[in-house]
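In what follows, a structure is listed as structure tokens, so that the remarks can point back to it.
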Amino acid sequence: MNLGLENRVAIVAASSRGLGKACALELAREGAQVVICARDTACLAATADEIASATGADVFPVEADLTGDAQIRTLVAETLARFGRIDVLVTNNGGPPAGFFDDFDDEAWLQAHQLTLLSAVRLIRATLPAMRARQWGRIINITSVSVKQPVDNLLLSNVYRPGVTGLAKTLSAQLAADGITVNNVAPGYTRTDRVLDLARARAADGDQTVESVLADTVANVPMGRLGEPGELAALVAFLASEQAAYITGATIQVDGGYVASLL
Ligand code: NAD
């Protein structure tokens, strides 16, 4: 299937590693020009080189901390200066810390609000004028299965990611007339540095091996394995495509069957 992404311009947030990087790679494979961003300059530059040499795409790395409004506006301005348009926005960020209610003070709640909800609000706000100008756009938010099935020790994710879902659903109705779709993808347990680092930390804290921590992690996943970042990225590329023009306001999980709800 030709997804019609040749020469589209895509910003993928938080994309030096993990899910964001996989999305940038997949969009580049489909012929898009891709803007990637993160705070870690060296890793960001290496990722840009890796994607460009694997795909031949024009990959533009912009250093940005997505907890700040000014840096997000600069990211969008630099994209427009370089490419003159923005067709696709994938919102994403580092994950909020794991923990339970007693673990978090006001500062932790405010930081999670900024990291998880406000960064999506700011990215969309900064990007919308360029999409409206061309009457075409695809906004795809990377959230989590926690929006469909709260995860015990991920309280901050359970609270703020549904906020992103509410934002997307509301905007999807309001932006449809401008040819802009807004959808969410909800990853389950996926093999990225974040998941492997958490497993290593849990193994170091207890008397388990990393392998047995990962086996516990996938015990409730019907597929019996972690997801691969490329499996989420394939859905993101489809939602960015011409063919996905009639899909909006949806949340689709990529979780090996983990979410137990009907819808
Ligand atoms: P990761 O740690 O592998 O990658 C995170 C990326 O975000 C990196 O490129 C990092 O440099 C960048 N980043 C972090 N903080 C940033 C900031 N303030 N400004 C700019 N860039 C920043 O994580 P991942 O596994 O790819 O997860 C991405 C998102 O998806 C997270 O919010 C995570 O909680 C969520 N998620 C992941 C999984 C999973 O299993 N991997 C499951 C559900 C949800």
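What you are looking at is a predicted structure, and each value in this text was computed from that prediction instead of being measured. Read the numbers this way: they start at 1 and go in the same order the structure lists the ligands and their atoms.
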Contact summary for [X] and [Y], nearest pair of heavy atoms:
{"X": "L27", "Y": "A240", "value": "CD2-CB, 4.0 Å"}
{"X": "N184", "Y": "A168", "value": "OD1-CB, 3.3 Å"}
{"X": "R202", "Y": "T217", "value": "NH1-OG1, 4.4 Å"}
{"X": "L44", "Y": "A38", "value": "CD1-N, 3.7 Å"}
{"X": "V145", "Y": "Q253", "value": "CG1-CB, 4.2 Å"}
{"X": "A177", "Y": "Q135", "value": "O-OE1, 3.6 Å"}

Can you tell which of [options] gets a heavy atom nearest to [atom]?
{"atom": "atom 2 (O) of ligand 1", "options": "Q253, Q71, R194", "answer": "R194"}
{"atom": "atom 34 (O) of ligand 1", "options": "R17, R161, R191, Q114", "answer": "R161"}
{"atom": "atom 44 (C) of ligand 1", "options": "T143, L154, I142", "answer": "T143"}
{"atom": "atom 31 (C) of ligand 1", "options": "D197, T217, N93", "answer": "N93"}
{"atom": "atom 9 (O) of ligand 1", "options": "S16, G18, G68, A38", "answer": "S16"}

(request) Of the side chain and backbone of N92, name the one, both, or neither that has a heavy atom under 4.0 Å from an atom of ligand 1. (result)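 It is the side chain that touches ligand 1; the backbone stays farther off.
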(message) Residue-level breakdown please: for A64 versus ligand 1, do any non-hydrogen atoms fall below 4.0 Å on the side chain, on the backbone, on both, or on neither?
(response)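 Backbone only; the side chain of A64 stays clear of ligand 1.
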(request) Ignoring hydrogens, tell whether any protein atom lies closer than 4.0 Å to atom 20 (C) of ligand 1; use the non-hydrogen atoms only. (result)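 Protein heavy atoms within 4.0 Å of atom 20 (C) of ligand 1 - there is at least one.
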(message) Whether the S146 and S157 side chains hold a donor-acceptor pair (N or O, under 3.5 Å, no angle test) is what I'd like checked.
(response)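 Note: S146 and S157 side chains meet the donor-acceptor criterion.
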(message) For the residue pair T143 / N141, report whether a side-chain donor-acceptor contact shorter than 3.5 Å exists.
(response)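 Their side chains do not contain a donor-acceptor pair, so the 3.5 Å distance test is not met.
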(request) Answer yes or no: does atom OH of Y246 have more than 12 heavy-atom neighbours from other residues, nucleotides or ligands under 6.0 Å? (result)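 Counting other residues, nucleotides and ligands, OH of Y246 stays at 12 neighbours or fewer.
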Would you mind running through ligand 1 and noting each atom that sits below 4.0 Å from a heavy atom of [X]?
{"X": "D65", "answer": "17 (C), 18 (N), 19 (N)"}
{"X": "Y189", "answer": "40 (O)"}
{"X": "D40", "answer": "11 (O)"}
{"X": "L19", "answer": "26 (O), 27 (O), 30 (O), 37 (C)"}

Any nitrogen or oxygen of [X], main chain or side chain, under 3.5 Å from a nitrogen or oxygen of ligand 1?
{"X": "V195", "value": "no"}
{"X": "G188", "value": "yes"}
{"X": "S144", "value": "no"}
{"X": "T192", "value": "yes"}
{"X": "L66", "value": "yes"}

(message) Between D197 and R194 (salt bridge meaning N to carboxylate O under 4.0 Å), is one present in this structure?
(response)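 The answer is no: the pair does not qualify as a salt bridge.
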(request) Go through the steps to decide whether E63 and T41 satisfy the test side chain to side chain donor-acceptor pair (under 3.5 Å), and finish with yes or no. (result) CA-CA 6 Å; E63 192 181 323; T41 323; 2.9 Å; yes
